[in-house]
Amino acid sequence: MPYPFKQIEKKWQDYWEAKKTFRTEDFSPKPKYYVLDMFPYPSAARLHVGHPEGYTATDIVARYKRLRGFNVLHPMGWDAFGLPAEQYAVKTGVHPKITTEQNVATFRRQIKMLGLSYDWDREINTTDPDYYKWSQWIFLQLYNRGLAYLADVPVNWCPELGTVLADEEVPEQIDKGYTVVKRTMRQWMLRITAYAERLLNDLDEVDWPENIKEMQRNWIGKSEGAELDFAVRNSDEKIRVYTTRPDTLFGATFMVLAPEHPLVERLTTPAQADAVKAYQEEARLKSDLERAELSKQKTGVFTGGYATNPVNGEAIPVWIADYVLASYGTGAIMCVPCNDDRDYEFAEKFGLPVTEILAGGEVVSGGRVQRSGGQLMNSATADGTLSLDGLEVPDAKRKITAWLAERGLGKAAINYKLRDWLFSRQRYWGEPFPVLLFEDGTHQPMDASELPLRLPDAQSYKPTGTGESPLAGIPEWVDTTDPRTGRAARRETNTMPQWAGSCWYYLRFIDPHNDEMFCDPEKEKQWMPVDLYVGGAEHAVLHLIYARFWHKVLFDLGLVSTTEPFQRLFNQGMILGYAYRCYRNSAGERVPPAQVEWRVEKQAEKAYDKVTGAELKVEYVPPDEVVWENERPLHPVTHEELEVKMDKMSKSLGNVVNPDDIVERYGADAMRLYEMFMGPLDQVKPWSTKNIEGVFRFLNRVWRVYVDEDERLHSKIQEAEPPLELQRLLHKTIKKVTEDIEALRFNTAISQMMIFINELHHAPVYPRGMMETFIRLLSPFAPHLAEELWQKLGHEKTITYEAWPTFDPALTLDDEVTIVLQVNGKICDKVTAARGLSEDELRNLALGNEKVQGRLEGKQVVMVKVVPDKLVNVAAK
RNA sequence: GCGAAAGUGGCGAAAUGGCAGACGCGCGGCGCUUAGGACGCCGUCCCGAAAGGGGUGGGGGUUCGAGUCCCCCCUUUCGCACCA
């Protein structure tokens with residue numbers, strides 16, 4: 001009989017709810033600890049086993065910190081604006097509000113079922129007008145600081161979704177099979193680039209995984225170089241270029257402009273006009289992705305125009321090509337084929353000259369190319385005012401930048417890859433912009449007192465197809481008047497992207513019901529920054545950079561007290577599922593996995609027969625239908641052997657695990673424990689329902705050492721002095737569990753508790769004090785079981801606010817230690833000795849050892865290395 | 001292509017430069033059971049009867065000593081992808 005987890009878990013969840021055990025005081029003499037999960041999007045697909053991973057981890061930390069005497073803020077809420085609910089509405093006509101409410105109810109139930117210690121009085125929902133009122137209010141702050149503006153920009157338009165997408169969102173949608181094309185539209189932009197430098201520098205202040213910081217640095221993409229002007233021949237125009245290698249200017253033999261560059265028309269000669277126009281048109285229709293994809297073959301067209309290289313006066317041809325991006329730098333580049341691979345490729349294809357200016361290059365396809373380092377050569381002006389010959393690159397850069405600056409030809413410059421944030425979406429289900437648009441093209445923010453600007457109910461959720469949101473179809477909402485002037489106005493029909501709500505939700509948790517301001521400053525000072533923030537790595541450059549940006553704006557406004565919102569960040573690894581599959585050809589015949597090749601075709605992975613080259617049908621067998629024979633997975637019907645693959649859980653692979661089923665069979669505590677026992681929190685790992693049995697058995701064993709068959713306290717639990725050995729094991733366990741929780745190494749903490757229980761249950765008597773200590777160690781991991789056993793031990797109140805056990809360092813060490821004896825680094829014996837023997841004693845012990853002597857026969861001892869309490873290594877020849 | 005991380009039993013995984021494989025799954029044996037389950041005990045890296053030897057993707061190096069540090073290669077995963 002397993003322990004009665006169902007009854008226990010229900011009992012304590014009811015208790016916590018009724019007593020509001022986890023309600024957090026705003027102000028407390030205790031030190032504060034703010035531990036936050038990335039709040040979920042409540043999808044119709046319900047919770048999957050990946051969600052509880054991070055939630056359990058933060059819950060363990062929250063419960064541990066409470067036991068350590070901290071005032072803990074641990075809230076949960078819903079990031080509920082977003083596409084899926086709206087797409088569902090388009091299909092069924094059901095208001096996204098209703099879908100969202102249902103999904104939230106399911107998520108809340110599933111999360112509560114896991115016994116997570118959230119303060120539910122602080123629950124928030126980004127679609128609640130009382131919440132998005134403040135999202136709108138913060139937008140107004142951005143607007144008033146000139147950080148929000150309307151612009152006609154080339155956007156990523158997705159026809160299937162009927163909306164534009166941020167650059168960052170494009171790859172994800174392409175993966176899903178949608179198409180994305182370029183289109184120029186009037187859009188709200190947020191000036192995140194104004195914060196590029198601070199977003200970059202302040203990464204040094206936070207305790208985040210290095211890879212995430214690196215991803216953000218790459219995303220911001222700072223580079224240092226120079227801007228310089230090339231005079232256009234037969235014209236007063238100048239072409240300004242940005243380069244990180246001004247030192248290579250003497251090697252610049254042609255220039256390339258982006259097809260969209262404003263000077264293209266002026267430069268183009270009549271003879272080239274048709275070709276240029278055609279190329280521009282072609283480029284315009286391509287998406288960024290298509291441009292990048294066709295990168296293997298460079299394309300471009302000569303404009304017919306020439307510019308002058310400012311250092312040697314040479315006339316160099318000006319081309320256009322789509323490998324130059326309009327949106328980076330100045331949209332124009334000087335090309336140095338002897339140094340730059342892309343320029344070299346272009347020069348080679350179109351027969352443009354290559355001038356050698358770097359010593360020691362390698363010969364590639366007939367030209368001399370130096371890809372890194374080297375000394376400059378052939379780099380001096382005719383008038384002798386500048387020579388870079390013989391200089392190393394950094395010196396040459398400095399020298400020529402100064403020379404150009406003196407003559408007004410250029411200046412040092414910094415560039416970022418980061419672009420301004422495209423902030424509008426042509427959707428219904430998002431925060432409306434609190435802005436009035438007038439006939440004359442001007443616009444005006446609403447007054448804060450008029451917020452929230454509520455979403456109206458809609459008859460239809462279909463995108464209009466014109467690039468306007470469904471809101472445009474609701475004239476009684478769209479058409480309005482400016483309350484100050486009575487002037488006719490239209491409302492903005494775009495809405496904010498899903499990221500808006502998550503940019504500041506961690507602040508709302510601090511003061512969720514305040515209707516005077518988004519967060520009381522005193523409370524903000526009390527709680528910020530978030531001490532530990534846990535979530536998936538997929539938000540590395542999206543949510544996490546947007547939220548940092550908003551936070552810095554709020555900081556500049558004096559509305560928050562910290563420059564960074566999230567002090568310590570941790571990314572949990574994804575939980576994968578095993579999938580089992582087999583292949584069939586078009587005739588329905590089986591094709592063995594060895595004969596199958598997977599290829600990426602039009603952004604989708606497909607299977608092909610290596611022999612015939614034909615595309616194959618892939619059949620996935622749900623894990624619980626797989627027949628096992630001699631540890632090999634077989635097809636339930638045909639009995640052929642199946643290929644095993646570990647992959648993201650998804651319906652199509654049949655490898656989704658539902659937490660409800662797991663909790664039903666093993667209970668929430670076992671589910672929590674297994675998720676933590678699987679392996680290191682930050683690692684990607686496969687779910688195996690079989691393996692949960694191990695932690696389930698452990699919990700049962702814990703139950704049985706505390707409780708007898710009649711569910712009364714076990715008779716072996718007595719007031720007794722514990723034997724020294726057990727006492728030591730307990731103190732080692734306290735030490736390990738404490739240190740492991742601090743480092744988020746829950747898997748090894750659980751191992752240690754298993755070791756303790758495995759040892760304890762052999763003992764003739766279970767000393768009561770020890771039992772009370774252990775249950776407190778277990779309580780953050782398996783809180784329901786711990787509460788129940790704590791009560792059985794005679795306590796009346798929840799275990800939540802008891803004191804965390806402390807250990808005596810002296811008791812974590814044994815009197816006797818095993819000394820490993822090595823000869824030339826190889827183990828030849830192990831002996832037990834008293835701890836604390838001197839080096840001399842250990843040396844003698846080793847040299848006197850029979851086996852050691854045997855090994856040393858005929859050899860001469862060269863050296864003896866002693867590691868106290870551990871090892872002696874005798875080196876001999 | 002560039003960047004980062006990782007490769008350890010049949011499987012999930014442990015191991016401040018110092019006993020490789022803790023803990024768990026699975027598997028084998030035994031006990032308890034009419035039986036099964038549950039539970040308990042023992043065993044479980046490889047070769048070898050043993051003594052002993054070998055073993056952390058491959059190759060080299062540093063060190064008294066390397067899974068751990070350094071270099072090269074292979075594989076996998078993730079991120080970026082014409083950013084001048």
Side-chain angles (χ1 to χ4, degrees), chain A residues 1-2 171 209-212 214-215 217-219 221-223 225 241-245 248 255-256 288-289 291-296 298 321-325 327-336 339-343 345-346 415-419 537-538 540-541 573-574 576 578 628 630-632 644 646 673-674 677-680 682-698 700-701 704 745 747-755 758 761-762 818-830 862-867 869-876:
Chain A
M1 275 287 283
E210 201 44 52
N211 64 320
I212 300 290
E214 201 52 34
M215 279 163 71
R217 287 188 193 110
N218 290 340
W219 193 261
K222 180 179 183 176
S223 79
V241 303
Y242 172 74
T243 177
T244 55
R245 293 295 302 275
T248 62
M255 299 182 78
V256 175
D288 281 352
L289 212 94
R291 278 197 185 189
E293 229 178 307
L294 299 168
S295 66
K296 286 148 211 146
K298 292 259 179 298
D322 66 5
Y323 83 91
V324 174
L325 306 177
S327 51
Y328 182 77
T330 61
I333 60 169
M334 66 178 208
C335 297
V336 186
N339 173 252
D340 186 286
D341 283 343
R342 297 155 302 183
D343 297 344
E345 212 182 298
F346 195 82
N415 248 299
Y416 301 92
K417 285 203 278 186
L418 185 72
R419 313 288 155 79
E538 65 272 19
V541 286
M574 207 176 336
L576 306 178
Y578 285 108
W628 289 88
N630 297 328
E631 297 179 29
R632 298 206 320 241
V644 183
M646 199 165 86
L673 217 57
Y674 175 58
F677 187 64
M678 288 171 83
D682 56 355
Q683 233 166 68
V684 175
K685 40 202 175 280
W687 177 273
S688 153
T689 301
K690 193 77 209 163
N691 279 341
I692 201 175
E693 301 269 0
V695 293
F696 184 57
R697 276 176 210 161
F698 165 66
N700 277 291
R701 188 175 262 197
R704 288 197 310 271
R745 287 189 304 250
N747 54 331
T748 48
I750 294 166
S751 290
Q752 185 62 37
M753 290 191 283
M754 286 174 167
I755 292 169
N758 288 349
H761 95 287
H762 291 300
T818 303
I819 305 292
V820 176
L821 305 181
Q822 296 182 329
V823 172
N824 289 333
K826 288 198 176 186
I827 295 156
C828 78
D829 203 3
K830 295 172 195 176
V862 181
M863 190 215 83
V864 182
K865 177 78 183 175
V866 179
V867 182
D869 294 333
K870 277 208 174 130
L871 161 150
V872 182
N873 185 13
V874 182

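Note: hydrogens, waters and symmetry copies are ignored here, and every other heavy atom, side chains too, is used. Letters A, B, ... are given to chains in the order of the sequence lines, protein chains preceding strands, and every chain is numbered from 1.
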Item to check | C1' atoms of B/A6 and B/U56, separation to the nearest Å | outcome: 14 Å
Item to check | Partner nucleotide, any strand, of B/G7 [Watson-Crick/G-U, under 3.5 Å] | outcome: B/C74
Next on the checklist: If the cut-off is 4.0 Å, is A/Lys826 near the phosphate of B/G65, judged by side-chain N/O to OP1 or OP2?
Outcome noted: no
Checklist entry - With a non-hydrogen cut-off below 4.0 angstrom, is A/Thr243 in contact with a base, only sugar-phosphate, or nothing? => result sugar-phosphate
Next on the checklist: If you assign each of A/Gly825 and A/Thr748 to its closest nucleotide in RNA chain B, which residue comes earlier from the 5' end?
Outcome noted: A/Thr748
Item to check | Between P of B/G3 and CZ of A/Arg217, the distance in whole Å | outcome: 16 Å
Next on the checklist: Reading RNA chain B from 5' onward, which residue's closest nucleotide shows up sooner: A/Ala332 or A/Ser751?
Outcome noted: A/Ser751
Item to check | Counter-base of B/C69, judged by Watson-Crick or G-U geometry with both distances under 3.5 Å | outcome: B/G61
Checklist entry - According to the interplanar angle, ranging from 0 to 90°, do the rings of A/Tyr328 and A/Tyr242 count as parallel (below 30°), tilted (30 to 60°) or perpendicular (above 60°)? => result perpendicular
Checklist entry - So what does A/Ser223 hit on the nucleic acid, given a heavy-atom distance under 4.0 Å: a base, only sugar-phosphate, or nothing? => result sugar-phosphate
Next on the checklist: With a 3.5 Å cut-off and heavy atoms only, can you find an N or O donor on one side and an acceptor on the other between the side chain of A/Lys870 and the base of B/U16?
Outcome noted: yes
Checklist entry - Base, sugar-phosphate alone, or nothing: which one does A/Asn873 contact when heavy atoms must sit under 4.0 Å apart? => result base
Checklist outcome for this item: Closest of B/A84, B/A81, B/A22 to the A/Ile755 side chain is B/A22
Checklist entry - Would you say a side-chain N or O of A/Tyr323 is under 4.0 Å from OP1 or OP2 of B/A84? => result no
Item to check | Assigned partner base of B/C39, Watson-Crick or wobble definition, under 3.5 Å | outcome: B/G31
Next on the checklist: Looking at A/Asn700 and A/Phe696, would you say the former's side chain and the latter's main chain have a donor-acceptor pair under 3.5 Å?
Outcome noted: yes
Checklist entry - Which is true for A/Asn758 with a 4.0 Å heavy-atom rule: it touches a base, it touches only sugar-phosphate, or it touches nothing? => result sugar-phosphate
Item to check | Nearest-Å distance once atom C1' is located in both B/A14 and B/C19 | outcome: 14 Å
Checklist outcome for this item: Which of B/A84, B/A13, B/C25 is nearest the side chain of A/Val324? It is B/A84
Item to check | Partner set under side chain to side chain contact (heavy atoms under 4.5 Å, CB included) for A/Ser751, not counting sequence neighbours | outcome: A/Phe677
Checklist entry - Of the nucleotides B/A15, B/G12, B/A13, which has the atom closest to the A/Asn747 side chain? => result B/A13
Checklist entry - Backbone N or O of A/Val336 within a donor-acceptor pair of the A/Asp343 side chain at under 3.5 Å? => result yes
Next on the checklist: Using only atom types and a distance under 3.5 Å, with no angle test, would you say the side chain of A/Lys685 pairs donor to acceptor with the backbone of A/Gln683?
Outcome noted: yes
Checklist entry - Taking the side chain from A/Tyr674 and the backbone from A/Trp687, do they hold a donor-acceptor pair closer than 3.5 Å? => result no
Next on the checklist: Is the phosphate of B/A14 approached by A/Gln752 (side-chain N or O, under 4.0 Å from OP1 or OP2)?
Outcome noted: no
Checklist entry - Between B/G54, B/G18, B/A84, which nucleotide gets closest to the side-chain atoms of A/Lys865? => result B/G18
Item to check | Presence of A/Arg701 side-chain N/O under 4.0 Å of B/G40 phosphate oxygens OP1/OP2 | outcome: yes
Checklist outcome for this item: Of B/G79, B/C11, B/G24, the nucleotide closest to the side chain of A/Met754 is B/G24
Checklist entry - Using a cut-off of less than 4.0 Å, is there contact between a side-chain N or O of A/His762 and OP1 or OP2 of B/C41? => result yes
Next on the checklist: If you compare all heavy atoms of A/Ser223 against all heavy atoms of A/Thr244, which two are closest, and at what distance to 0.1 Å?
Outcome noted: OG-CG2, 3.8 Å
Checklist entry - Taking only side-chain nitrogens and oxygens of A/Arg697, does any of them come within less than 4.0 Å of OP1 or OP2 of B/G26? => result yes
Checklist entry - Side chain of A/Asn691: nearest nucleotide among B/C82, B/A13, B/C25? => result B/C25
Hey, what are the protein-to-nucleotides 19-21 of chain B N/O distances that come in under 3.5 Å?
| residue | atom | partner | partner atom | Å |
| --- | --- | --- | --- | --- |
| B/C19 | O2 | A/Lys830 | NZ | 2.7 |

Checklist entry - So which nucleotide does B/G26 pair with, by the Watson-Crick or G-U wobble rule with both distances under 3.5 Å? => result B/U44
Checklist entry - NA contact type, A/Pro2, heavy-atom cut-off 4.0 Å: base, sugar-phosphate, or nothing? => result nothing
Item to check | Glycosidic conformation of B/G7, taking syn as within 90° of 0 and anti otherwise | outcome: anti
Checklist entry - Picking from B/G26, B/C23, B/C11, which would you name as closest to the side chain of A/Lys690? => result B/G26
Checklist entry - Counting side-chain heavy atoms from C-beta on, which of B/G40, B/C82, B/A13 comes nearest to A/Arg704? => result B/G40
Checklist entry - So which nucleotide does B/C2 pair with, by the Watson-Crick or G-U wobble rule with both distances under 3.5 Å? => result B/G79
